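The next block holds one structure in the form of C-alpha cells; read it before the comments.
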Amino acid sequence: MLVDLHVHTKKCKSGDDKTREVTVQLFSSKIRLAGIKVLAITNHNCFDIEQYNKLKASVADVCDVWPGIEFDVKQLSSKAGHVIVIVNPEKVEDFNALIKSTIGDSTPDSFVINIDNLCSKFNKLDPIFIAHYLKPKSLGEDDLDLLNSKIYNKNRFLKEPSNIVSIGVLNAYDQKCVLGSDVKDWNFYEKGTFSEFKYDFKDYKNFLKLLDKDSAYINDLINQEQKEIIEVYGDNKTKQHPFRIPVYNDVNIIFGDKGSGKSEILASLNDYYISKGIPVSYLVSRANESWFSTLLLPTPNLYFSSTLGCDSNLVENFIAIANYVDPQIVEIESYKKYFKTINKNKNSALIKLNKISKINSNNDVFIRKLGSEYETFKSFLSSFTSSEMYKHFVTDDDFINLKNDLSNVLNKSAEHYKDQWIKNKANSLSDFSIDSINTAVSECTGTPTLPTETGFFKFADERIKLMNNANAIFNNLNKESVVVESTYLGKLGNKGSGSITSECGFANPSNIEKIDSKWLKQNKTDCKDILKKLKSVQNEAFTKNLFDKVSKFKTAYNDGVIKSLNDLIFNKKSFILGSKPYKPSAGEIAILSIEYEILKNKTNKSIFLFDEPELSLGNEYIETNIVPLIKDLAKSGKTVVIATHNANIAVRTGAINSILKTANNSEYNTYIGSMYTNELKSVIDNEIVKWDAESERTLEGGEKAFKERGYYYGEDN
C-alpha cells in the first residue's frame, strides 16, 4: 500500500516553486497514475480547506486524503525546523479553525510556532507529528527531544529522513519513519518517493492502531495470511532437538546470536519442502564464489563441429591422410624393355591395341558427392510436402506451384546424377579394358606391355587430394569462434548488466598456445601434437619429404584420441559486463547470485530460502536492489525465509514473522513473533521479549553502536 504523508499543493512561501500549484484535474490523474492509497496535504504554514475538499472529492474512489500542515517550529534550537501535523479527516473543520486562530495575521514566510504551543493546541485533535530528520530543515536535537516529551502519544511521532538508506536503521531502532514525496513539480509526481505499508488500513483510526502496535488489530491482520506449522531441528543432520515454527506465505525473518542455529532451521525447511515435492530455491551466500566458479566451468563435450556451422566433422579426411600412399610411378626401364623386344616380335608389332592410352578421367568422389546432394534434397522435399506447417504461410495454389517447381528440380538433379554416373562408369570400364587388353597381348606374344600411363597423373592427383583434405580440415579449424549461449545474471549498479557467455571454437596452430587446457575436449598436448603433424603434411604435400610426415601423422592419429574436428573443439566461458570481460569482486558475485537465483526461479519455485544474503553486500545495494526483489517475491505469493544479521533486510522487507534464536552458555532458545506487535514469545516457556530490543542487540550491535551509526548517517546528510 503506497502512502504519501508529505504533499504540497500550493505555493505558500516565497521560496516555494510555482510547480507546486496543482489543478484538480492534474492532481486526480497523477494520484491515480502513482497508485497512492492515502496522502496528506501539508502545505507550508497554510491550510486551504476549500482546495482540500475539492482535491479529496476528485480521488475519493481510489485514495483517502487527510488534512495536514507543515509548520516552521523552533524553541530551544537556534534555527527553525519543519514539523508536519496531520489529523483525522473527520476533524477537518476543527483543524481548519485551529490553524486560522494559531497563524492569525502572520504570513507563511514569517510564521514560526514553538513546541509548547504546537502541542498544547494540537494534541487534542489526536494528530500525527512528522519531524524532518537528517535532512534540510531538520528539527534541532534539543527541540526534537522536547517535542517527543510534549506530545500526547509517543507512538504517533514519526521522523522523515532524506533517503531510504537510513530509514531501515531508524525503523530497526523502533524510531518510526516515513518517506514523503515533498512534491516540487506535479508534472513528475509519480516519480517521487513514497512509503509502502505492508497492510492496507481502511482509515485514519486504523493507521493509529498500526502506529500504537495494537496487538489485537495487528494479529488479526497477520492471521489473515496463510501459514503452515513445520517441525524443524536444532541439529538437522541428526534430526535432534525438534521444535515447531510457523512459516507464513510471505516474508519470514530468522535473526539472533551467531551459532544459535539459524542455518539449521533453513536446512530443516529445505528438507521438509523437498520431501513434500515442493519446488524450493535454497541460497547459501557463503557458497557464492563456488557458485560463480561453477558457472564458468567449460563444457566442451556439449558441442560439436556442427555448432560452428560445419556440415561434417571430416573424419574421412583425417582417415584419408593417415592412410595416404603415393601411387606407383612407371619406371623408365619398363619403356626400354618394351621397345627393346617389340622389334624382335613380329606378332606383337601387328597388334596395335596395346598402344591405346588410358582415359584417367573417372572421379568416384565427385559422383558420391552428387548422390549425397540428391538424397539430401529428396529428403527435404519429402518432409516439406508432408508437413502441414508450411501450408499456413501461402495459398493453396502457391503451395502446389512451389511443390511442382521443387519436384522439377529434383527430377533434373536425378537425371544429371544418372548421366554423370554413366559417364564416370564408362570411363572406368574403358580404362579397365585397356589394361586387360595390354595384359592379354603381353601374355600371347610373350613381350612386355607398353605402359598405358606414366603414373604421374595419378601421383599428382593423389597429392592434390591429400592437400585438399588437409586444406578442408584447416579451413574449418580456422573459423572464428562463436558465442553459443549467453546467460543473464544480473545488474551491477551503474556498471551495467552482467552475463556469462559460452564461446565455442576449434583449436588450431595459431591459437592453441592461448587456449587453456580445461577448455578442450581432449588433452592439450595431444591436440598440439596432431595439429603440428597435420600442418607438416600440408606444408610438405608436394615435396619428397611427404612420406615421412604422413608416417608421423598416421602414428599420432592411430595411437591418439584426436579422430575428427569434434575432438579439437574448445569451450570458453567468460563473465561479460556490458560488452567487455570483467572480473567481479566477492561482493559483486554475491549481488549476481541473489539476483540470478530470484529471477531464474521466480516463475517455477514457490519457496525461497536465503542464508545470510547480505554477506559482502553494502547497505545501499541491499536497500535499493535486494529488498525490492524480496518484496516482489512476497507480493507474487511466494514463501520467503531469510536468516540474516542485517537490519535493513529484517525490517525493510516487511516481514510479518520473526524468529529469534538465542545461545547462552550452550542453552538455546527460540522466540517467535512479529516486529509489528513488538513481541517475541519463547517456544520453551512462553517468556516474552521485545522485538525492538532484541533486534537492536543482534542486528545493530547494541544501543551504543546504533547511535554512533546514526550520528554518521547524520553527518553524511
Side-chain angles (χ1 to χ4, degrees), residues 296 298-324 365-366 368-369 372-373 376 460-486 500-543 545-574 576 579-581:
L296 288 175
T299 53
N301 288 319
L302 297 181
Y303 303 104
F304 302 92
S305 57
S306 57
T307 308
L308 285 94
C310 301
D311 294 332
S312 166
N313 61 14
L314 301 187
V315 63
E316 298 87 355
N317 300 62
F318 281 86
I319 293 173
I321 294 172
N323 294 332
Y324 178 80
V365 174
F366 172 71
R368 285 197 297 272
K369 184 178 180 182
S372 176
E373 291 175 350
T376 299
D461 186 51
E462 291 299 319
R463 289 263 179 142
I464 291 172
K465 290 178 182 177
L466 177 72
M467 171 64 84
N468 289 340
N469 281 325
N471 288 345
I473 293 172
F474 281 114
N475 287 342
N476 282 283
L477 293 182
N478 292 332
K479 285 184 176 181
E480 290 188 9
S481 58
V482 297
V483 174
V484 293
E485 187 180 6
S486 183
I500 295 288
T501 60
S502 182
E503 180 184 345
C504 190
F506 289 116
N508 60 56
S510 63
N511 68 14
I512 186 65
E513 295 297 340
K514 300 176 184 177
I515 293 176
D516 194 302
S517 58
K518 65 176 176 286
W519 302 349
L520 291 160
K521 283 187 178 183
Q522 307 294 353
N523 182 276
K524 184 175 180 178
T525 301
D526 291 337
C527 293
K528 289 172 65 175
D529 185 55
I530 202 75
L531 287 171
K532 180 180 178 181
K533 289 178 169 57
L534 185 60
K535 194 66 178 175
S536 296
V537 170
Q538 186 187 45
N539 291 338
E540 303 288 345
F542 301 125
T543 73
N545 299 323
L546 177 64
F547 178 76
D548 177 59
K549 305 304 180 186
V550 168
S551 177
K552 290 180 179 178
F553 175 82
K554 182 175 183 178
T555 300
Y557 182 81
N558 290 339
D559 296 344
V561 293
I562 312 296
K563 302 297 182 183
S564 68
L565 293 180
N566 286 338
D567 297 314
L568 292 167
I569 289 279
F570 74 81
N571 173 231
K572 175 186 177 184
K573 292 187 178 179
S574 308
I576 303 297
S579 59
K580 297 180 180 179

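For this chain, numbers begin at 1 and follow the sequence in order. Keep in mind that what you see is a predicted model, and the values were worked out from it rather than measured.
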How about Glu485 and Thr501: do any of their side-chain heavy atoms sit closer than 4.5 Å? no
Distance-only, no hydrogens or angles: does the Tyr324 side chain make a donor-acceptor pair with backbone N or O of Val550 under 3.5 Å? no
Any Lys554 side-chain heavy atom under 4.5 Å of Asn323 side chain: yes
Under a 3.5 Å cutoff, is there a donor and acceptor pairing between the side chains of Ser517 and Asn523? no
Indicate yes or no for a side-chain donor-acceptor contact from Asp567 to the backbone of Lys563 under 3.5 Å, with no hydrogens or angles considered. yes
Just by distance, do the side chain of Thr543 and the backbone of Glu540 share a donor-acceptor pair under 3.5 Å? yes
Any donor-acceptor pair under 3.5 Å from Ser312 side chain to Leu314 backbone: yes
Do the non-hydrogen side-chain atoms of Lys521 and Phe304 ever get within less than 4.5 Å of each other? yes
From NZ (Lys532) to CZ (Phe553), nearest 0.5 Å: 14.5 Å
CE on Met467 to CD1 on Ile321, rounded to 0.5 Å: 10.0 Å
Backbone N or O of Ser305 within a donor-acceptor pair of the Asn566 side chain at under 3.5 Å? yes
Does Asn475 reach the main-chain N or O of Asn471 with its side chain, forming a donor-acceptor pair under 3.5 Å? yes
Do Ile473 and Leu565 pass the side chain to side chain contact (heavy atoms under 4.5 Å, CB included) test, and can you show the C-alpha distance, the side-chain angles, and the key distance before you say yes or no? CA-CA 7 Å; Ile473 293 172; Leu565 293 180; 4.2 Å; yes
In a check of side chain to side chain contact (heavy atoms under 4.5 Å, CB included) between Ile569 and each of Leu308, Thr307, Leu520, Asn313, which one passes? Leu308
Using a 4.5 Å cut-off on heavy atoms from C-beta on, say whether the side chain of Tyr557 contacts that of Phe318. yes
Would Gln538 and Leu534 satisfy side chain to side chain contact (heavy atoms under 4.5 Å, CB included), going step by step from the backbone distance to the final call? CA-CA 6 Å; Gln538 186 187 45; Leu534 185 60; over 6 Å; no
Counting only heavy atoms not in Phe542 (residues, nucleotides, ligands), do more than 12 fall under 6.0 Å from its CZ? yes
Going by heavy atoms in the side chains, are Trp519 and Pro298 under 4.5 Å from each other? yes
Heavy-atom side-chain proximity of Ser486 to Ile500 below 4.5 angstrom: no
So Glu513 and Lys528, salt bridge (Lys or Arg N to Asp or Glu O under 4.0 Å) or not? Walk me through it. CA-CA 8 Å; Glu513 295 297 340; Lys528 289 172 65 175; 3.2 Å; yes
Under 3.5 Å donor-acceptor, Lys535 side chain and Phe474 backbone: no
Surrounding CG of Asn558 (heavy atoms of other residues, nucleotides or ligands, distance under 6.0 Å), is the total greater than 12? yes
Does Ile512 form a side chain to side chain contact (heavy atoms under 4.5 Å, CB included) with Cys527? I'd like the steps, not just the answer. CA-CA 8 Å; Ile512 186 65; Cys527 293; 4.2 Å; yes
